[in-house]
Amino acid sequence: MKTVVIGLSGGVDSAVCAALLQKSGYRVVGVNLDAGFSPNAAKDAQAVADSQGFELIIVNTAARMQELVIDPFYAAYSCGQTPNPCISCNPTVKFPSLFDIADKYDGLVATGHYAVIEKVGLYKGVKGRDQSYMMYRLRREWLARLMFPLGRMQKTEVRRLAAEMGIPVANKPDSMDICFPVAQQPLTWDIYHENGKYLGKGEGVYTIGQRRGLGIASDGRIYVTKIDAAKGEITLGNIENVQNTTLNIQNVHWLIDTPTKPLECHCKIRHTGTETPALVHIEGDTAQIEFKAPVFAGAPGQSAVFYQTNQVLGGGIIV
RNA sequence: UGGGCUGUAGCCAAGUCGGUAAGGCACCAGACUUUGACUCUGGCAUUCCGCAGGUUCGAGUCCUGCCAGCCCAA
């Protein structure tokens, strides 16, 4: 009987995922990654495991999270960047932890993410819930051993199954936010308008393209157009000045063979954004993206992810 | 000091021949979302239009005085 190691968050998705795989004949081992931020998560995961009758291993990931995700997260913000912790957590903490355990069983790995793996490629999950953007940095060699059984399901279907299979967390609300508590950053900024006018002081973190929370009134909507961490200056301007037609990226990562010529694809530069046709000029682990239409607010630290129809090709981090 | 202008919510700002306070921004709430914060929906002047009087059935809108700020002249 093949073993599959399942990341069990304590939520509905991973619970249904585990139950489905068990039903289809796998030996299921649940793994709850506990970084200490969600006191009930491990308890809920245990309840799920108990109700379905499989083993649960709880792994303390606090130290790895701190070192590989949280510290870099704050460091990036104080450099004026907009980090995406989920994108870095997946390949550095979450999936390595699961594969470590799977190796011991010579098994597979599964999670409740809404993405699809087919023919050793990564594809988008069901429309409206797709989480593939967060997964483009997975190691390519993992894909052959990885399953996302819920990738094509609707959430309502998942919840229905959960209720049907007697899963204790069937009605638990979705988690949406970052999984660790974010401390207020002791950063202060001088805020200027593009025309040079001084507008006031600001505190905390800012993102290119941000509009709300600026506390500054003007005749129209204004957005953060520039962040200069060295000088501690933020610049605001009109929406036309937050559009990009080209972006440079670094730490490029591929889930396909590295293209040898410029890549025609669709590119998404934020999780909730839309895809824009683009041409990617690749140079080693950096690349320049040439968009066919302007994109809104490319923020350093966020990822640009490349798609062809439903397949995730790779991506990189905006410079 | 003489002449002129302005004073409407946190900011900007409409407000006509007097008729019972537009809009934008900010802010707040919600939707969306595996950090980004884009977008959308809703809320947001009832001791009220610098203050005090007056005219009028009725004044932000007319009249008088005062206060504050700005500009020009000195």
Side-chain angles (χ1 to χ4, degrees), chain A residues 7-14 17 33 35 37-38 41 65 69-70 72-77 80-95 111-115 124-138 148 150-151 155 158 172-185 191 193 197-200 202 204-225 227 234 236-244 268-276 294-303 305 317-318:
Chain A
L8 213 63
S9 66
V12 201
D13 291 335
S14 55
C17 179
L33 303 177
F37 300 121
S38 180
M65 270 298 279
V69 178
I70 301 175
F73 172 82
Y74 289 125
Y77 264 126
Q81 303 203 319
T82 304
N84 192 318
C86 295
I87 283 177
S88 61
C89 172
N90 283 332
T92 62
V93 178
K94 185 178 285 176
F95 285 93
T111 69
H113 286 102
Y114 289 87
K124 287 188 224 169
V126 65
K127 204 167 191 296
R129 296 219 125 242
D130 171 40
Q131 294 170 326
S132 63
Y133 176 85
M134 302 297 185
M135 309 282 229
Y136 83 96
R137 295 196 80 82
L138 294 187
F148 298 135
L150 308 187
K155 187 73 188 204
V158 172
K172 188 173 170 180
D174 292 356
S175 67
M176 295 185 281
D177 275 333
I178 193 164
C179 73
F180 56 88
V182 178
Q184 174 77 22
Q185 291 304 96
I191 303 178
H193 192 271
K197 192 176 170 198
Y198 178 72
L199 298 174
V205 300
Y206 292 88
T207 298
I208 298 285
Q210 175 175 344
R211 187 190 127 224
R212 310 194 87 132
L214 299 173
I216 288 167
S218 72
D219 50 354
R221 297 181 170 183
I222 48 174
Y223 301 81
V224 173
T225 58
I227 299 174
I234 303 277
L236 308 181
N238 296 326
I239 190 163
E240 306 87 68
N241 299 314
V242 218
Q243 308 287 346
N244 303 93
K268 198 156 106 163
I269 62 163
R270 42 188 10 128
H271 172 51
T272 53
T274 54
E275 292 168 35
T276 304
V295 293
F296 175 76
Q302 290 283 290
S303 284
V305 178
I317 296 172
I318 297 168

Atom CD1 of A:Ile216 and atom C1' of B:C12 are separated, to the nearest Å, by 14 Å

Any strand, both distances under 3.5 Å, Watson-Crick or G-U wobble: B:G18 pairs with none

Indicate whether OP1 or OP2 belonging to B:A37 is found under 4.0 Å from a side-chain N or O atom of A:Thr272.
-> yes

Plane angle bin for A:Tyr136 and A:Tyr133 - parallel if under 30°, tilted between 30 and 60°, otherwise perpendicular = tilted

Which value, in whole Å, describes the distance between the C1' atoms of nucleotides B:U55 and B:A73? 36 Å

Paired to B:C11 by Watson-Crick or G-U wobble criteria (both distances under 3.5 Å) is B:G24

Residues A:Gly209 and A:Phe296: closest non-hydrogen pair is O-CZ, 3.5 Å

Inset, instruction - Output yes when at least one side-chain N/O atom of A:Arg270 is less than 4.0 Å from OP1 or OP2 of B:A37, else no. - result: yes

Using a 4.0 Å heavy-atom cut-off, does A:Tyr223 contact any base of the nucleic acid, only the sugar-phosphate backbone, or nothing at all? sugar-phosphate

By nearest-heavy-atom nucleotide on RNA chain B, the more 5' of A:His271 and A:Ser218 is A:Ser218

Looking only at B:C11, B:C38, B:U35, the nucleotide nearest the A:Ile178 side chain is B:U35

From CD of A:Gln243 across to P of B:C38 the rounded distance in Å is 14 Å

Do A:Arg137 and A:Ser88 touch side chain to side chain, with heavy atoms closer than 4.5 Å? no

Taking a pair to mean Watson-Crick or G-U wobble geometry with both distances below 3.5 Å, B:C62 pairs with B:G54

| field | Heavy-atom side-chain proximity of A:Leu214 to A:Tyr223 below 4.5 angstrom | value | no

Rounded to whole Å, CD1 of A:Ile234 lies from P of B:A37 at a distance of 15 Å

Kindly say if A:Arg211 contacts the phosphate of B:A26, meaning a side-chain N or O under 4.0 Å from OP1 or OP2.
-> yes

From CD1 of A:Ile87 across to C1' of B:U33 the rounded distance in Å is 13 Å

(request) Check every strand shown and say whether A:Gln210 touches a base, only sugar-phosphate, or nothing at a heavy-atom separation below 4.0 Å. (result) sugar-phosphate

Closest to the 5' end of RNA chain B, once A:Asn90 and A:Gly209 are matched to their nearest nucleotides, is A:Asn90

Answer for the Watson-Crick or wobble partner of B:C5, both distances under 3.5 Å, is B:G69

Look at the side chain of A:Glu240 and the backbone N and O of A:Val242, then say whether any donor-acceptor pair between them is shorter than 3.5 Å. no

Whole-Å distance, A:Ile222 CD1 to B:A26 C1', equals 9 Å

Rounded to whole Å, OH of A:Tyr206 lies from P of B:C38 at a distance of 12 Å

Review point. Across the strands shown, which category fits A:Leu214 at heavy-atom distances under 4.0 angstrom: base, sugar-phosphate, nothing?
Key: sugar-phosphate

With sugar-phosphate meaning primed atoms plus P, OP1 and OP2, does A:Tyr77 contact a base, only sugar-phosphate, or nothing at under 4.0 Å between heavy atoms? base

- prompt: How would you label the contact of A:Thr207 with the nucleic acid (heavy atoms, under 4.0 Å): base, sugar-phosphate, or nothing?
  reply: nothing

Does B:C25 have its OP1 or OP2 closer than 4.0 Å to a side-chain nitrogen or oxygen of A:Arg221? yes

Given side chains that start at C-beta, do those of A:Met135 and A:Phe148 come closer than 4.5 Å, heavy atoms only? yes

By the Watson-Crick or G-U definition, both distances under 3.5 Å, B:C40 is matched with B:G30

Whole-Å distance, A:Ile317 CD1 to B:U35 P, equals 16 Å

To the nearest angstrom, the CD1-P distance between A:Ile239 and B:A37 comes to 13 Å

